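In listed order, ligands and their atoms are each counted from 1. In this text the structure is predicted, and so the values were computed from the model without any measurement.
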Amino acid sequence: MGDGLPIPNSDDVSRETSTAAAISALADALPPGDNDSPLAQAVAEDARKRITLVGRTFPRPRHTRILTVANQKGGVGKTTTTVNVAAALAQAGARVLVVDLDPQGNASTALGIDHHADIPSIYDVLVDGRPLTDVVQPCPDVPGLFCAPATIDLAGAEIELVSLVARETRLNKAITAYLDDTGGESVDYVVIDCPPSLGLLTINAFVAAREVFIPIQCEYYALEGLSQLLNNIDLIRSHLNPGLHVSSILLTMFDGRTRLAAQVADEVRQHFPQETFRAVIPRSVRISEAPSHGQTVMTYDPNSSGALSYLEAAAEMAERAARQEETR
Ligand code: ATP
Ligand code: MG
């Protein structure tokens, strides 16, 4: 795509194939982990992910994928998922834009992006029609990762938008113009972090995106409210954005010691077998510490089980779509 990836010759291809075979043999040689010892199992699992995933390049999509990370339930891991999946994709060779659409500005903080009140932000884009290029900043730690930050101003946008023309489609217009400006092809993913509500900001995200990515926390009440979210997505599909669909569901904050977490995971997989990723994000102290250092866990502690799980989720996201593109 876009900025001229080198075309491999047949020597490169055969070398790549034999390296892939060697890596997979090495991963297979790992002991399976003892069912009676969850810790040993977790260590073996992390080693497998490190060997098979770290340092790899993922397939880039043919066209820019625009995803909205949404769940009107608060604190389920929307922002954490947005920034870590985005960072993992960028580290694996993609160009990724994160749009922070939450007045809390948590995604901007986690990406180390300045977002105090005077910084040009997504508020200016939505309310004043400023071009997205004016507000996008590169993420300091991860090449290829960019962010349109949110400032506290955005808290007022929900009300200010009500009286504006084309209030539901303003983000869509801004992203389309941005992709046209940047040649489109050079941005692989736009990932939009939504607030925990179904107001005009979230509606703008649903209209701008093609895919919905739902993080689900593996706890009691996890599925409550999900049907409301799916109904809203149906409504947007029938009135404003016919291409919108739920493409990805990720189980987050999984605690392997509780039976409840496993039950929730099973239930989600039963309802959404195609959409739910195999990768599951464990509850991890490193994941929750990273934002206070202005970092994603992908740079804060790349070898931690949290970072490796987000890397696995990003790989699935890229590879699943690449397989679908091939069969089309
Ligand atoms: P909101 O609805 O307020 O926007 P959210 O859905 O974006 O919340 P996050 O902010 O990503 O949720 O996560 C909520 C809290 O849980 C944060 O403090 C975050 O650091 C923590 N957290 C997220 N994922 C994990 C995890 N896998 N392990 C431990 N802590 C986590
Ligand atoms: Mg959030």
Side-chain angles (χ1 to χ4, degrees), residues 42 45-46 49 67-88 98-113 115 121-122 147-152 154-155 157-158 191-199 201-202 204-205 212-226 228-229 232 248-258 260-262 264-265 268 277 279-314:
E45 196 42 31
D46 280 357
K49 288 177 196 161
L67 299 103
T68 282
V69 180
N71 190 332
Q72 79 274 28
K73 214 164 134 47
V76 298
K78 291 182 287 297
T79 302
T80 308
T81 296
T82 302
V83 298
N84 288 306
V85 166
V98 169
V99 175
D100 190 351
L101 209 59
D102 186 342
Q104 299 177 99
N106 296 152
S108 313
T109 305
L111 294 174
I113 302 284
H115 64 110
S121 71
I122 200 71
C147 175
T151 62
I152 192 65
L154 195 59
E158 197 81 66
V191 189
I192 308 169
D193 184 31
C194 283
S197 62
L198 291 167
L201 289 173
T202 303
N204 262 275
V212 184
F213 185 136
I214 307 178
I216 295 183
Q217 188 182 355
C218 295
E219 301 223 324
Y220 196 50
Y221 297 134
L223 299 176
E224 210 168 74
L226 198 58
Q228 195 195 346
L229 175 63
N232 279 289
S248 315
I249 293 182
L250 180 63
L251 298 160
T252 65
M253 299 190 223
F254 183 86
D255 184 345
R257 294 165 305 181
T258 70
L260 176 66
V264 171
V268 171
F277 288 134
V280 170
I281 310 302
R283 206 169 252 295
S284 136
V285 174
R286 308 305 265 167
I287 290 180
S288 60
E289 281 173 352
S292 61
H293 297 265
Q295 287 191 46
T296 67
V297 78
M298 306 312 298
T299 54
Y300 178 65
D301 191 351
N303 282 317
S304 63
S305 61
L308 291 168
S309 302
Y310 269 117
L311 185 59
E312 191 182 26

Open item on the list: Taking the side chain as everything from C-beta on, heavy atoms only, tell me whether V85 gets closer than 4.5 Å to V191.
Closed with: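 With C-beta onward as the side chain, the pair stays apart.
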Task: Closer than 4.0 Å: a protein non-hydrogen atom to atom 12 (O) of ligand 1 - done: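 Looking at atom 12 (O) of ligand 1, one finds that a protein heavy atom does lie closer than 4.0 Å.
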- [ ] Indicate whether atom 26 (C) of ligand 1 is within a distance of less than 4.0 angstrom of some protein heavy atom.
- [x]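 Protein heavy atom within 4.0 Å of atom 26 (C) of ligand 1: present.
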Part of [X] with heavy atoms under 4.0 Å of ligand 1, whether side chain, backbone, both or neither:
X    : result
D102 : side chain
P282 : backbone
V76  : both

May I ask whether [X] places a heavy atom under 4.0 Å from ligand 1?
X    : value
T252 : no
S284 : yes
G77  : yes

Could you tell me whether some N/O pair between [X] and ligand 1 is separated by less than 3.5 angstrom?
X    : result
T79  : yes
Q104 : yes
T80  : yes
G75  : yes

Task: N, O or S of T80 under 2.8 Å from the Mg ion (ligand 2) - done: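 Of the N, O and S atoms in T80, none lies under 2.8 Å from the Mg ion (ligand 2), which means no.
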Open item on the list: If the condition is side-chain contact (heavy atoms from CB on, under 4.5 Å), which residues does E312 pass it with, not counting sequence neighbours?
Closed with: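 Partners of E312 by the side-chain contact (heavy atoms from CB on, under 4.5 Å) criterion, ordered by chain and then number, come out as R48, K49, L53, A279.
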